[in-house]
Participant: 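This structure is in structure tokens; I'll ask about it shortly.
Remember, it's 1-based here, ligands and their atoms both numbered in the order they're listed. Note that this is a predicted model, so its numbers are computed, not measured.
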Amino acid sequence: MSYDLIVKNGTIATASDTYRADIGVRGGKVVAIAENLEDARETIDATGLFVLPGGVEAHCHINEPPIGKVESADTFETGSRSAACGGNTTFVPFANQARGQSLLEAIEIYHALANGNSYIDYGFHLIVSDATPDVINRELPQAIKDGFTSFKVFMCYSDVMIDDRQILDVLQVAREQGALVMVHAENDHCISWLGNRLTELGETEPKNYARAHGHVVEREATHRAISLSEIVDTPILIVHVSSAEAMEQVRWAQSKGLNIHAETCPQYLFLKEEDFDRPGWEGAKFICSPPPREESNQGKLWQALKNNVFDVVHSDHCPYSYEGPAGKKYHEHEGGHPHFCHVAPGVPGIEVRLPLMFNEMVSNGRMDINKFVALTSTNAAKLYGLYPQKGTIAIGSDADFALWDPAREVEIRHENLHDGCDYSPYEGTRVRGWPVRTVLRGRTIWNDGEITGSPGEGNFLPRKLYQTPLKTKAAE
Ligand code: URP
Ligand code: ZN
Ligand code: ZN
């Protein structure tokens, strides 16, 4: 039997097992996992390397519409390239419905933006910002049938948020049709009231962003989102949980047996509120929603990762450049520094999500490599209807691998990354462990510093319906 590709001598790690074996690939699929495989057109020697399922990055913003003059720094080409260089083989950005726009039309627009431009496989979550009767009764059910089985709703941001009643409508569709609703949980009225108050007091520096988006603002909305989910009796996933107080709401709900999923992000595990005090205008680089919290908050999130409160860790890559006429620093002329209310929220991080997490979880021994795979690949594939095609290494799965050198030491420098942004909030962070090779359906697309893939190799992935919970959390 001959193979297109054999990956030899590596240590395979999945969400459950770690073992030495060779992997045989044919037609882009894993067809053999065994000792001493022979006879292939191409052989990769993975001696000394971990062979992991390719990362699944299921929270990123690519080519989204500008916020005022501030434009997204990434297209599907640059965003997927950066993801590939960071060990990811699948990503799921958002197709963003503008107010007044048909949801199905928004999907068509994002298809056109992505088609022929992505280095890696992709799907779309939908952002539902206009929950009209037609969207609820016709468009959402149709979109779910077409493979868009997850959508995000916002409890803040006046141009995209929907009210609690509309969220209940969206949840009801999700329940009936088998989809998963992702919730951005921050209380809009509190944010704008606090923002106005701080402005009146002349408190406009970037650090005030964290005050307007305080713990209580996130905690209240998280509890409310959980209540809405309970009323409809359908699961939700709370995205980008930053505050330990919000995390405690999730844990409380899980302990009651409610099916509440949660995501956190590297910015809440590695960045901190004090970063807003960096000299000059640098604090604007760290503005994202919700914001990084004080350092003591980080330890509580790490503990919650260990205790399975969180299912997934994604980058929430939302790239707005810092410099230039459309950058985060753009409003510097307003009172001598960017007013925190006017800085486009979001940080880049799609390429360094996996290295940051690998370094802390595996190299520094906080958790094992299987848990790293679960949090960064397998669980997302399961939650978002891609498993077992994606998110694991198994017979019949896509041959998507990230080959990791656990000894490679790297200092993160934006000049070495591949996104379209002009900075990294993690500049200067040192990590041990790096994805030296990325393989998409049997084809190497990133090889030790060289991009060997090309835009257009990534395929659109219609996704399966949301299925059973990952586990019964209350029992843990
Ligand atoms: O600040 C953030 N997170 N920007 C991206 C939009 C969102 O809410 O995820
Ligand atoms: Zn959000
Ligand atoms: Zn986001």
Participant: Mind checking salt bridge (charged side-chain N to carboxylate O under 4.0 Å, His left out) for R211 and listing every partner two or more places apart, or none if nothing turns up?
Facilitator: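 So R211 forms a salt bridge (charged side-chain N to carboxylate O under 4.0 Å, His left out) with E203.
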
Participant: With the Zn ion (ligand 2) as the centre, enumerate protein N/O/S atoms below 2.8 Å in chain and residue order.
Facilitator: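 You should have found K152 NZ, H184 ND1, H240 NE2.
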
Participant: Please verify the inter-ring angle class for F76 with F124; under 30° counts as parallel, over 60° as perpendicular, anything in between as tilted.
Facilitator: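 Plane angle over 60°, so perpendicular.
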
Participant: Given the side-chain rings of Y384 and H125, with only the six-membered ring counted for Trp, is the space between their centroids under 6.0 Å?
Facilitator: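 Between Y384 and H125, the centre distance is under 6.0 Å.
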
Participant: Compile the protein residues with any heavy atom at a distance under 4.0 Å from an atom of ligand 1; present them by chain, then by number.
Facilitator: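 H59, H61, K152, F154, Y157, H184, H240, C288, S289, D316, C318, P345, G346.
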
Participant: Please name the atom of H61, restricted to N, O or S, that is closest to the Zn ion (ligand 3).
Facilitator: NE2

Participant: Under 6.0 Å between ring centres: does that hold for W302 and F310?
Facilitator: no

Participant: Verify whether one side chain among H314 and T264 offers a donor that lies under 3.5 Å from an acceptor in the other.
Facilitator: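 T264 and H314 do not have a side-chain donor-acceptor pair below 3.5 Å.
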
Participant: With sequence neighbours excluded, what pairs up with S227 under the side-chain contact (heavy atoms from CB on, under 4.5 Å) test?
Facilitator: H223

Participant: Distance alone, cut at 3.5 Å: any donor-acceptor contact between the side chains of N96 and H61?
Facilitator: no

Participant: Looking at the Zn ion (ligand 3), which N/O/S atom of H59 is the nearest one?
Facilitator: NE2

Participant: Applying side chain to side chain contact (heavy atoms under 4.5 Å, CB included) to V153 and V181, what does each step give before you reach the verdict?
Facilitator: CA-CA 7 Å; V153 294; V181 178; 3.9 Å; yes

Participant: If you compare all heavy atoms of R175 against all heavy atoms of D233, which two are closest, and at what distance to 0.1 Å?
Facilitator: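 The pair with the smallest heavy-atom distance is NH1-O, 2.8 Å.
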
Participant: Please indicate whether R413 has more than 12 foreign heavy atoms, meaning atoms of other residues, nucleotides or ligands, lying under 6.0 Å from its CZ.
Facilitator: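 No.
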
